[in-house]
2 protein chains.
Amino acid sequence: MAHDDGIHAAVTCGDCPIRHRAVCARCEGDEIEELEQIKYFRSFEAGQTVIWAGDRMDFVASLISGVATLTQTLEDGRTQMVGLLLPSDFFGRPGRGEAAYNVIATTDIVMCCFRRKPFEEMMERTPHIAQRLLQMTLDELDAAREWMLLLGRKTAREKIASLLSIIARRDASVKRQEAKGRMAFELPLTREAMADYLGLTLETVSRQMSQLKREGVIELEGKRRVIIPDMDVLMTEAGDDSDGGFLV
Amino acid sequence: MAHDDGIHAAVTCGDCPIRHRAVCARCEGDEIEELEQIKYFRSFEAGQTVIWAGDRMDFVASLISGVATLTQTLEDGRTQMVGLLLPSDFFGRPGRGEAAYNVIATTDIVMCCFRRKPFEEMMERTPHIAQRLLQMTLDELDAAREWMLLLGRKTAREKIASLLSIIARRDASVKRQEAKGRMAFELPLTREAMADYLGLTLETVSRQMSQLKREGVIELEGKRRVIIPDMDVLMTEAGDDSDGGFLV
DNA sequence: GACCTCGCTTGATATGGGTCAATTTCACCC
DNA sequence: GGGTGAAATTGACCCATATCAAGCGAGGTC
């Protein structure tokens, strides 16, 4: 049962990424068995709110399929996305009984949930879990910091290019293809969600998308399908050369 | 040897916060003893660079005194602060041999360093360390997300008020005094560093500080000493009511 | 005491992105 | 295949913040 990469391991271990990613670093049978007892699935449709900031949250979860977002809002309604959850991403916090952010499904999603208390108890007894979770959290922190650079210092054009290349790269790694040359993918976000990710208005997002299209940096099929003729060009537009696999 | 709060514990455990914060959740003697073997101190003067992004980094560390920053830059020199380190904050990443960010001392600082490899080995054997580090990292992630809201959606005025109230609150908790009513503190950052924190230019920072002063929200003694006549007013200006003790 | 430097402030002007207001497109549903 | 409504585009205008530039003040050096 060789584990040469994340995807293979996840498949080998079963249908739920958390079993591999947060827990079974070495696929130990009894750990998986115990997780099985406290796990359950939930699904939501595109547009539904999974949980509101401040609500009781007695589970932690990993996303199996679809895309969800974490958002924060000011009283007057200004909202900022602070997390973009793609399949295999984890959310919820051990030791915290209430949600800190709004979690919203932007496509139909399926989540694999674990009851929080038993999960925390398991963490106490099973060093692998805490260690794996630490690695995942550190990765998220790096992604958050990259995101801060984007929010604080990039132009609207660079922001758009960055977001597109983040999604393209993440998508590419899932499909196990090289993130080079020509690429195509379905945008899982509305223009408004993109704006909330980037700290822009949806009009500016739209304008910059049109601009990039006019200049041949991207092509659009309909409103959501994006084709990148040349990833290198897009990444130059993004303003940094970070080739890391960041993204929360 | 009761541990009723973080500060007390840190003092009780010795002079280095990491011993309590990252490790000795229950002050177990042998863990402390072993850490003692791999620890060493380093100090830097205000303005010195502790480490450049990309450099080899074979230690992790906690800040004992002073203030340091983590910054990221684009090729053309635009820079964004992504971490503000105050005493007892931890930095460096287990499992990563090179620095991801520039670490710069903004005041004279003293750090308590631990050689990375032995620290990682200890983490493997000592669940408490990974668990404590996980909690600290999750707190940092929350702080980063609060920071993202600031960068993406707040006005210059709100950004300044937010930063001042973050520093004031953090300062207050160190001094064990209530973060209510009148407060005073020394700004540990230049206007330029404030700008890098907030995603603004230093001119805008200066103008907004003058504006807040003119309106009586803050008072200034010299350029660095800040007096907050009424914390509630400042926090209203900050645009959110988050009373959490966030901050990296 | 004159001079320099560095951090900061202030002013004048430019501009990127926000705001407000129509349209247009397209995915979906009869 | 035509109708409908939400999502997206586009235009006109405005404003918050950036940019460029000048000047100030405190501390340090000769």
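Every chain is numbered from 1 and lettered A, B, ... according to where its sequence line falls, protein lines coming before strand lines. Just so it is clear, the values below take in all heavy atoms, side chains as well, and ignore hydrogens, waters and symmetry mates.
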Kindly give the atom pairs (protein nitrogen or oxygen, nucleotide nitrogen or oxygen) under 3.5 Å for nucleotides 20-29 of chain D.
residue, atom, partner, partner atom, Å
D/dC20, N4, B/Glu203, OE2, 3.2

Residues that A/Asp230 engages under salt bridge (charged side-chain N to carboxylate O under 4.0 Å, His left out), provided they are two or more places apart:
none

Give the rounded distance in Å between these two atoms: CE of A/Met209 and P of D/dA8.
9 Å

Separation of A/Leu220 atom CG from D/dT9 atom C1', in whole Å?
12 Å

So if I take the C1' atoms of five pairs at each end of the helix from C/dG1-D/dC30 to C/dC30-D/dG1 and get each local axis, what angle do the two axes make, rounded to 10 degrees?
40°

It should be established whether A/Ser210 places a side-chain nitrogen or oxygen under 4.0 Å from OP1 or OP2 of nucleotide D/dT10.
yes

When you check the phosphate oxygens OP1 and OP2 of D/dA18, does a side-chain N or O of B/Thr204 lie under 4.0 Å from one of them?
yes

Under the side chain to side chain donor-acceptor pair (under 3.5 Å) rule, collect the residues that match up with A/Glu215, sequence neighbours excluded.
A/Arg157, A/Gln211

Contact interval (first through last nucleotide) of DNA chain C with protein chain A, 4.0 Å heavy-atom
C/dG17 to C/dC26

On DNA chain C, compare the nucleotides closest to B/Leu189 and A/Ala156; which residue's is nearer the 5' end?
B/Leu189

Salt bridge (charged side-chain N to carboxylate O under 4.0 Å, His left out): which pairs involve residues 40-57 of chain A, sequence neighbours left out?
A/Arg56-A/Asp58

Backbone of A/Asp232 reached by a side-chain donor or acceptor of A/Thr236 within 3.5 Å:
yes

Under the salt bridge (Lys or Arg N to Asp or Glu O under 4.0 Å) criterion, do A/Arg153 and B/Asp76 qualify, and how do the steps go?
CA-CA 11 Å; A/Arg153 295 302 188 192; B/Asp76 61 5; over 6 Å; no

